[in-house]
Each structure stands twice: as C-alpha cells, then as structure tokens.
Amino acid sequence: IVVSILFVKTKQVDAVVVGADRVCANGDTANKIGTYNLSIIAAFHNVPVYVAAPLTSLDITLGSGDQIPIEERKAEELIETSKAPKNVPCWNPAFDVTPAKNIRGIVTEKGVIEPDENGKIDVKAFV
C-alpha cells in the first residue's frame, strides 16, 4: 500500500483497484487493513477507486459497513513486530471498512456496480 500511495501522490496512476472480503448492500466494503486509508488518499488526489470482488463476497444481508464484524488479531502480533513496550495497549484489527462514497465501482464477474445519479451504490439491485 505504501508504494500505491506514492504512485497516487505522484500522479502516475489512473485508478486504484483493491479487493474485498465482503461487500454490503450499500456498497461499503471490508478488506485488509489499510484499504480505507488508501481510498482517502486516492480521493484527495482525484483518483478513482474500484473494488474487484467475486459475487460470493456480496452480502446484501448487511445494510452497511457498520454491521461487518471486524476480526481482531492479538495485540502481541503488533507489539512484537514494532518493538513497542509489552504493556502498551493495542488494538490490532485485521480489516477495515471503506465507505461506498469512496468507491467509483465494484467489479464482479457479472459486471460493474456503479453509483447511481445520487452517488449511491445499490448492490441489492445488482444481485
């Protein structure tokens, strides 16, 4: 992701494509930690973000990203690799949620889910 940020900042990319482990009915997506940050940086530099996701990752039972359970990894994983003091409180999520407003389209094997004229992504209608 660090390399991707450099390309976005130096204007050497036309679009950012990320994956998704889960896509909600409103287009919010969950992916590996750092995806949300990348979407913010891309938006700042007017670079569109596309999510490549198989149909099996579309979960229309979840209305929004607020309903996605986020896996939490052990704090020790982060503390040990960062050499931080062992008693430092730490939250170590494995995923983050990118809001649909940061996404230009969701690419599936069936086609691309794009925002409507109001900027809303309707995954339920696509499925």
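The basis for the numbers below is simple: all heavy atoms, side chains too, and nothing from hydrogens, waters or symmetry mates.
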D116, CG: over 12 other non-hydrogen atoms inside 6.0 angstrom: yes
Nearest-0.5 Å distance, CZ of residue F95 to CG of residue N31: 7.5 Å
Sidechain-backbone polar pair: N26 side chain, D28 backbone, donor-acceptor under 3.5 Å: yes
Check: C24 main-chain N/O paired with D59 side-chain donor or acceptor under 3.5 Å: no
Point-to-point distance, once rounded to the nearest 0.5 Å, from CG of N92 to CD of E76: 9.5 Å
K110, NZ: over 12 other non-hydrogen atoms inside 6.0 angstrom: yes
Separation between CG of D122 and CD1 of I60, rounded to the nearest 0.5 Å: 9.5 Å
Residues V47, V16; criterion side chain to side chain contact (heavy atoms under 4.5 Å, CB included); working and verdict: CA-CA 7 Å; V47 175; V16 172; 3.9 Å; yes
Inter-residue atom distance K124.NZ - T61.OG1, 0.5 Å rounding: 9.0 Å
Side chain to side chain, I70 and V97, heavy atoms closer than 4.5 Å: yes
Point-to-point distance, once rounded to the nearest 0.5 Å, from OG1 of T29 to CG of D96: 8.5 Å
Hphob cluster co-occupancy, L55 + V127, side-chain heavy atoms under 4.5 angstrom: yes
E72 side-chain N/O to W91 backbone N/O, donor-acceptor pair under 3.5 Å: no
Connected via hydrophobic side-chain network under 4.5 Å: I106 and I68: no
More than 12 heavy atoms of other groups within 6.0 Å of Y36 OH: no
Among I103, T35, T98, the one residue meeting side-chain contact (heavy atoms from CB on, under 4.5 Å) with V18: T35
Closest non-hydrogen atom pair, G105 against V112: CA-CG1, 4.3 Å
side-chain contact (heavy atoms from CB on, under 4.5 Å) partner of I113, the single match among L58, V23, V107: L58
Closest non-hydrogen atom pair, A52 against V17: CB-CG1, 4.1 Å
Heavy-atom pair of closest approach, residues P54 and E109: CA-OE1, 3.3 Å
Atom pair CD1 (I79) and NZ (K86), whose distance is rounded to the nearest 0.5 Å: 8.0 Å
